[in-house]
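Here the structure comes first, spelled out in structure tokens, and everything after it is commentary.
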Amino acid sequence: MTGIPGVSPDTEKGQPAMRQAALFGLCPACGGRTLFDGIVKFAPACRACGLDFARFNVGDGPAAFLILIVGAIVVGLATWLEVAVSPPFWVHALLWLPLIVGLTLGGLRVAKGALIASEYHHNAREAGSSEV
């Protein structure tokens, strides 16, 4: 550690912190904005350093938790709005459908980015794997 405030040892080597990698879709090895090939689809490999993203097993864990969280937020807000104002149905559709899509896609991107960065930084492997 060089003693620079707010800089972790990983970021000194060009590796972004997990929070930065998750928020901005950065490669956990080199920090390039190459993690995603679409809105939530991983690129096959980093275009800058060649890190193979296919070796990481993100699975559906982030999606399952995210849907529960987004659902709880939206149901709570929609219930509050209905009780407080009683708007027509089209107001609910106009408000909640875009919010659901935005929170789900944005949250999924951040959650998947955080999970892949965490797997990289902790050198996670499948159980029983003999890779080094």
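No experiment lies behind these values; they were computed from the predicted model shown.
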**Message:** Hydrophobic cluster membership, with links at side-chain heavy-atom distances under 4.5 Å among I/L/V/M/F/W/Y: are Met18 and Leu115 in one?
**Reply:** no
**Message:** Please check: side-chain N/O of Glu119 versus main-chain N/O of Asn57, any donor-acceptor pairing under 3.5 Å?
**Reply:** yes
**Request:** Can you see which heavy atom on Leu51 is nearest to which on Ala29, and at what distance?
**Result:** CD2-CB, 3.9 Å
**Item:** Linked, directly or transitively: Trp80 and Val85 (ILVMFWY side chains, under 4.5 Å)
**Value:** yes
**Message:** Please determine whether residues Phe65 and Val70 belong to a single hydrophobic cluster, defined as Ile, Leu, Val, Met, Phe, Trp and Tyr linked transitively by side-chain heavy-atom distances below 4.5 Å.
**Reply:** no
**Request:** Any chance you could lay out the side chain to side chain contact (heavy atoms under 4.5 Å, CB included) test for Tyr120 and Arg55, step after step, and finish with the verdict?
**Result:** CA-CA 10 Å; Tyr120 176 80; Arg55 74 179 190 150; 3.8 Å; yes
**Message:** Starting from Leu97, can I reach Ile67 by hopping between I/L/V/M/F/W/Y residues whose side chains sit under 4.5 Å apart?
**Reply:** no
**Prompt:** When you look at CG of Asp52, are more than 12 heavy atoms from neighbouring residues, nucleotides or ligands closer to it than 6.0 Å?
**Reply:** yes
**Prompt:** Below 4.5 Å, heavy atoms only, C-beta onward: do Leu35 and Cys27 meet side chain to side chain?
**Reply:** no
**Asked** In terms of hydrophobic clusters joined by side-chain contacts under 4.5 Å, are Val40 and Val58 together?
**Response** no
**Complete:** Residues Pro16 and Cys30: closest non-hydrogen pair is CD-C, 4.5 Å
**Message:** If we ignore hydrogens and angles and just use 3.5 Å, is the side chain of Arg109 paired with the main-chain N or O of Ile39 as donor and acceptor?
**Reply:** yes
**Request:** With Lys41 as the cation and Phe36 as the aromatic partner, state whether NZ or CZ is under 6.0 Å from the six-membered ring centre and within 45° of the axis.
**Result:** no
**Heavy-atom pair with the smallest gap, counting every atom of His92 and Glu82** = NE2-OE1, 2.7 Å
**Prompt:** Would you find a donor on one side and an acceptor on the other, under 3.5 Å apart, between the side chain of Ser118 and the backbone of Ala114?
**Reply:** no
**Request:** Please name the pair of heavy atoms, one in Ala43 and one in Phe53, separated by the smallest distance, quoted to 0.1 Å.
**Result:** O-CD1, 3.2 Å
**Spacing of Ile100 atom CD1 and Leu95 atom CG [to the nearest 0.5 Å]** = 10.5 Å
**Item:** Side-chain heavy-atom pair Leu103, Ile69 within 4.5 angstrom cut-off
**Value:** no
**Message:** A side-chain contact here means heavy atoms from C-beta on lying under 4.5 Å apart; do Leu77 and Ile73 qualify?
**Reply:** yes
